[in-house]
Novice: 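Take this structure, written in structure tokens, and hold onto it; I'll ask about it next.
Letters go in sequence order (proteins before strands), and every chain restarts at 1. Bear in mind that the values here come from a model prediction, so they are computed numbers and not experimental data.
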Amino acid sequence: MSPKPFLQTGSQTAGPFLHIGLGPNHAGIPAYGGEDLGARLFPESQPGKEIELQLGVQDGNGDSVTDGVVEVWQADPEGRYRGNCGFGRFFLDSGAGTCRMRTLLPGCVTALGGAREAPHLTLWVAARGINVGLRTRMYFPDRAEENSKDPILLAVPAARRSTLVAKAAGEHRYRFDIVLQGPSETVFFEIGSRANV
Amino acid sequence: MTTDRDLSPDPGRHPAARTPGYRSTGARAPCQPPLLLPASVSELSGPVFGESLIGLQDHDLTRNFGTGAPLGNRIHIHGRVLDGDGKGVPGALVEVWQANAGGRYRAQGDKGIAPLDPGFGGCGRTLTDSSGCYRFVTIEPGPYPWANGGNDWRPRHIHFSLFGTAFAQRLISQMYFEGDPLIERCAIVQGLPRSAVGSLVARLDMERTVPMTAVAYAFDIVLRGRHSTALQTPQGAWP
């Protein structure tokens, strides 16, 4: 018998009530000693430049997605991924359809091939109506020189690169809108197998 | 960190972004195909959740909320989190949420007709052990009707969220129960390629039932991630 691989469990939508599982305290359910996962990306003691980011998600009708979650994975200010920090989980506020997060500006990460990646956040979006979690990245508007050499941004068609760059919204403040569908649709990524990339 | 790890999605295992039978995908599915990229450091690394994060009752939805025992059929759910090579993933964070026995979620947006259960919150979490094994204690969720433009009923299901070791392994799925006639009629389930549906259905496991107390279901989860040159074992592919 020829060996079969272990085939992946299929993705399903997170549905409209994802916050009761992923952020129960945020949803008003006392759980887990009162602290939801991913509420804070770095400990207070971690040095670095503090930034504030307002995230929003819009659908193909231009309506705000108010029942979704955005997860963030980022390097520390030195450009290192450390397992015990750098993860954030944020719920899109049911009123304005945005969430406000505070974090530290990530440093440049050295890619596997040796190239330096511009400072960025890796994002993952789940919600009702999203069958498979959407992967994207956010880059910073004031790092144009590094952005111009980032290997991931360079792989994105030039006309769509701006969908991955946040907008400045004040001192150390940024705004990033993820557009799920339409003319300004955000670039979403998929990890290719080695055979087809 | 190795470059020969394949973190791509298996073809034929996942739903398309737009599945017309599931109305909400209409405005939320991207029109453009995703951009294929090789995995980089951001995708290969991932958060590590230590055991100190998890409370003793976090995995037991019959005890981790409110007062009094919840209504409904007590069940134990157990399984392994595996990667594409069939290796157990130790220390993987598994988070679950579900409706109560009447099919009602403890969520502001749920206006279902079944009452809330004061003894049931509906969320739990655990970490897999060194073999990749996990276990939850809960009550069997009820099916419920939902607004999808027709006469739609969700089968009994529990939402599962998983982290592996790499952020690219991140998976949200739903677990269904063997023998539920609503599975094949569900627009969300039917978004999956037909041959992939079985991998989301938990199997009744009479050997692991607790006599006079709880029925048991077995549910393994296979995450992305395999080594291209690894030898494969012949067992384990879900029908």
Novice: For each of A:Thr122, A:Ile152, A:Thr136, tally heavy-atom pairs with chain B at distances under 4.5 Å, and name the one with the top tally.
Specialist: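 Option with the greatest count: A:Thr122.
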Novice: Counting only N and O atoms by type, is there a donor-acceptor contact under 3.5 Å from the side chain of A:Thr9 to the main-chain atoms of B:Val222?
Specialist: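 Yes.
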Novice: Below 4.5 Å, heavy atoms only, C-beta onward: do A:Leu18 and B:Ile172 meet side chain to side chain?
Specialist: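 With C-beta onward as the side chain, the pair stays apart.
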Novice: For B:Ala27, is there any backbone N or O sitting under 3.5 Å from a side-chain donor or acceptor partner on A:Asp59?
Specialist: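 Side chain of A:Asp59 to backbone of B:Ala27, a donor-acceptor pair under 3.5 Å: no, none is there.
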Novice: Rounded to the nearest 0.5 Å, how far apart are CD of A:Gln8 and CD1 of B:Ile221?
Specialist: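 Rounded to the nearest 0.5 Å, the CD-CD1 separation comes out at 13.0 Å.
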Novice: Side chain, backbone, both or neither: which part of A:Pro30 has an atom under 4.5 Å from a heavy atom of chain B?
Specialist: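 It is both, since atoms from each part get that close.
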Novice: Return yes when atom CZ of A:Arg82 has more than 12 non-hydrogen atoms of other residues, nucleotides or ligands closer than 6.0 Å, and no otherwise.
Specialist: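 Counting other residues, nucleotides and ligands, CZ of A:Arg82 exceeds 12 neighbours.
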Novice: Can you tell which part of A:Ala155 gets under 4.5 Å to a heavy atom of chain B, answering side chain, backbone, both or neither?
Specialist: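 Both parts, backbone and side chain.
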Novice: With a 3.5 Å distance limit and no angle check, can you tell me whether B:Ser173 reaches the backbone of A:Gly10 through a side-chain donor-acceptor pair?
Specialist: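 Looks like yes, one N/O pair under 3.5 Å.
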Novice: Who among A:Ser11, A:Gly60, A:Gly21 has the most heavy-atom pairs with chain B under 4.5 Å?
Specialist: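 Max contact count across the listed options: A:Ser11.
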Novice: Salt-bridge test for A:Asp63 and B:Arg28: reply yes if a basic N is under 4.0 Å from a carboxylate O, no otherwise.
Specialist: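 No salt bridge links A:Asp63 with B:Arg28.
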Novice: Specify which of A:Asn61, A:Thr13, A:Ile29, A:Ile130 makes the most heavy-atom pairs with chain B at under 4.5 Å.
Specialist: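 Among the listed options, the one with the most contacts to chain B is A:Thr13.
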Novice: Atom CZ of residue position A:Arg116 - does it have more than 12 heavy atoms of other residues, nucleotides or ligands inside 6.0 Å?
Specialist: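 Counting neighbours around CZ of A:Arg116, 12 or fewer heavy atoms of other residues, nucleotides or ligands fall under 6.0 Å, so no.
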Novice: How long is the gap from OH on B:Tyr22 to CZ on A:Arg128, to the nearest 0.5 Å?
Specialist: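 Taking OH in B:Tyr22 and CZ in A:Arg128, the distance rounds to 7.0 Å.
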Novice: Hey, is CD on A:Gln46 packed in by over 12 heavy atoms from elsewhere, all under 6.0 Å?
Specialist: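 Enclosed: over 12 neighbouring heavy atoms sit under 6.0 Å from CD of A:Gln46.
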Novice: Identify which part of B:Gln174 has an atom lying under 4.5 Å from any heavy atom of chain A, answering side chain, backbone, both or neither.
Specialist: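 It is both, since atoms from each part get that close.
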Novice: Relative to chain A, which of B:Pro33, B:Gly55, B:Gly124, B:Ala99 shows the most heavy atom pairs under 4.5 Å?
Specialist: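 Result: the option with the highest number of such pairs is B:Gly124.
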Novice: Please flag which part of B:Thr19 lies under 4.5 Å from any non-hydrogen atom of chain A: side chain, backbone, both or neither.
Specialist: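 B:Thr19 touches chain A through backbone and side-chain heavy atoms alike.
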Novice: Can you tell me if CD on A:Glu50 sees more than 12 non-hydrogen neighbours from other groups inside 6.0 Å?
Specialist: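 No, not enclosed.
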Novice: Heavy-atom distances under 4.5 Å only: say whether A:Tyr81 touches chain B with side chain, backbone, both or neither.
Specialist: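 Only the side chain of A:Tyr81 comes within 4.5 Å of chain B.
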Novice: Less than 4.5 Å to any heavy atom of chain B: does that hold for the side chain of A:Pro16, its backbone, both, or neither?
Specialist: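 For A:Pro16, neither part sits under 4.5 Å from chain B.
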Novice: Side chain, backbone, both or neither: which part of A:Val156 has an atom under 4.5 Å from a heavy atom of chain B?
Specialist: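 The answer is both parts of A:Val156.
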Novice: Is B:Ala39 close to chain A through its backbone or its side chain, or both, or neither, when contacts mean heavy atoms under 4.5 Å?
Specialist: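 Both the backbone and the side chain of B:Ala39 come within 4.5 Å of chain A.
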Novice: Roughly how far, to the nearest 0.5 Å, is the OH atom of A:Tyr32 from the CG atom of B:Leu53?
Specialist: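 So the gap between those two atoms works out to 9.5 Å.
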Novice: Can you find a pair of side-chain heavy atoms, one from B:Ser199 and one from A:Leu7, that are under 4.5 Å apart?
Specialist: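 They are not in side-chain contact.
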Novice: Given a strict heavy-atom distance threshold of 4.5 Å, which part of B:Leu200 is in contact with chain A: side chain, backbone, both, or neither?
Specialist: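 Side chain only.
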Novice: If you round to the nearest 0.5 Å, how far is CH2 of A:Trp73 from CD of B:Glu43?
Specialist: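 One finds 12.0 Å between CD of B:Glu43 and CH2 of A:Trp73.
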Novice: Return the minimal non-hydrogen interatomic distance between B:Val189 and A:Gln12, and the atom names on each side.
Specialist: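 So the two residues come closest at CA-OE1, 3.8 Å.
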Novice: Checking heavy atoms, do the side chain of B:Leu223, its backbone, both or neither come under 4.5 Å from chain A?
Specialist: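 The backbone, not the side chain.
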Novice: With a 4.5 angstrom heavy-atom cut-off, which part of A:Val179 approaches chain B: side chain, backbone, both or neither?
Specialist: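 For A:Val179, neither part sits under 4.5 Å from chain B.
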Novice: Under a 4.0 Å threshold between the charged nitrogen and the carboxylate oxygen, would B:Arg224 count as salt-bridged to A:Glu190?
Specialist: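 Yes.
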Novice: Near A:Arg80 CZ, under 6.0 Å, is it more than 12 heavy atoms from other residues, nucleotides or ligands?
Specialist: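 More than 12 within 6.0 Å, yes.
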Novice: Quick one: what part of B:Asp83 sits under 4.5 Å from any heavy atom of chain A, side chain, backbone, both or neither?
Specialist: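 Only the backbone of B:Asp83 comes within 4.5 Å of chain A.
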Novice: Is it the backbone or the side chain of A:Arg137 that comes under 4.5 Å from a heavy atom of chain B, or both, or neither?
Specialist: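 A:Arg137 touches chain B through side-chain heavy atoms alone.
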Novice: Are a donor atom and an acceptor atom from the side chains of A:Glu117 and B:Ser40 found within less than 3.5 Å of each other?
Specialist: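 Checked: A:Glu117/B:Ser40 side chains pair up, N/O donor to acceptor below 3.5 Å.
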Novice: Answer with side chain, backbone, both or neither: which region of B:Phe49 has an atom nearer than 4.5 Å to a non-hydrogen atom of chain A?
Specialist: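 Contact with chain A involves the side chain of B:Phe49 alone.
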Novice: Is any side-chain heavy atom of A:Gln181 closer than 4.5 Å to a side-chain heavy atom of B:Arg18?
Specialist: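 Yes, side chains in contact.
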Novice: If we define contacts as heavy-atom pairs under 4.5 Å, which of B:Pro47, B:Gly191, B:Ala29, B:Cys123 has the most with chain A?
Specialist: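 Answer, by heavy-atom pair count under 4.5 Å with chain A: B:Pro47.
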Novice: Where does B:Gln108 contact chain A at under 4.5 Å (heavy atoms): side chain, backbone, both or neither?
Specialist: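 The answer is neither part of B:Gln108.
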Novice: Quick one: which of B:Ala17, B:Ala107, B:Gly50, B:Pro30 has the most heavy-atom pairs under 4.5 Å with chain A, could you say?
Specialist: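 Max contact count across the listed options: B:Pro30.
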Novice: Tell me, for A:Ala14 versus chain B, whether the close heavy atoms (under 4.5 Å) come from the side chain, the backbone, both or neither.
Specialist: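 A:Ala14 touches chain B through backbone and side-chain heavy atoms alike.
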Novice: Among B:Pro15, B:Gly12, B:Ser42, who wins on heavy-atom pairs under 4.5 Å with chain A?
Specialist: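 Highest number of heavy-atom pairs under 4.5 Å: B:Ser42.
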Novice: Just say parallel, tilted or perpendicular for the rings of B:Phe163 and A:Phe87, cut-offs at 30° and 60°.
Specialist: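 Geometry flag for A:Phe87 against B:Phe163: perpendicular rings.
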Novice: Can you confirm whether B:Leu35 sits close enough to A:Phe188 that some side-chain heavy atom of one is under 4.5 Å from a side-chain heavy atom of the other?
Specialist: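 No, every pair of side-chain atoms sits at 4.5 Å or beyond.
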Novice: Is there a side-chain contact between A:Ile191 and B:Asp6 (heavy atoms, below 4.5 Å)?
Specialist: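 Contact flag for A:Ile191/B:Asp6 side chains = no.
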Novice: With a 4.5 Å cut-off on side-chain heavy atoms, are B:Trp97 and A:Leu22 touching?
Specialist: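 A side-chain contact under 4.5 Å exists here.
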Novice: Measure A:Thr110 against the heavy atoms of chain B and call it side chain, backbone, both or neither at under 4.5 Å.
Specialist: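 Answer is backbone: N, CA, C or O of A:Thr110 sit under 4.5 Å from chain B.
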Novice: Output the option from A:Asn131, A:Val187, A:Val57, A:Thr186 having the highest count of non-hydrogen pairs under 4.5 Å with chain B.
Specialist: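 Result: the option with the highest number of such pairs is A:Asn131.
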Novice: If you measure from CZ on A:Phe6 to CZ on B:Arg226, what distance do you get to the nearest 0.5 Å?
Specialist: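 Result: 10.0 Å between the selected atoms.
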Novice: Where does B:Ile54 contact chain A at under 4.5 Å (heavy atoms): side chain, backbone, both or neither?
Specialist: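 For B:Ile54, neither part sits under 4.5 Å from chain A.
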Novice: Chain A heavy atoms under 4.5 Å from B:Arg125: which part of the residue, side chain, backbone, both or neither?
Specialist: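 Both backbone and side chain.
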Novice: Roughly how far apart are A:Glu71 CD and B:Ser161 OG, rounded to 0.5 Å?
Specialist: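 Reported to 0.5 Å precision, the distance equals 6.5 Å.
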Novice: Do you know which of B:Val48, B:Thr25, B:Asp10 has the most heavy-atom pairs under 4.5 Å to chain A?
Specialist: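 Among the listed options, the one with the most contacts to chain A is B:Asp10.
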Novice: Quick one: what part of B:Pro9 sits under 4.5 Å from any heavy atom of chain A, side chain, backbone, both or neither?
Specialist: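 The answer is both parts of B:Pro9.
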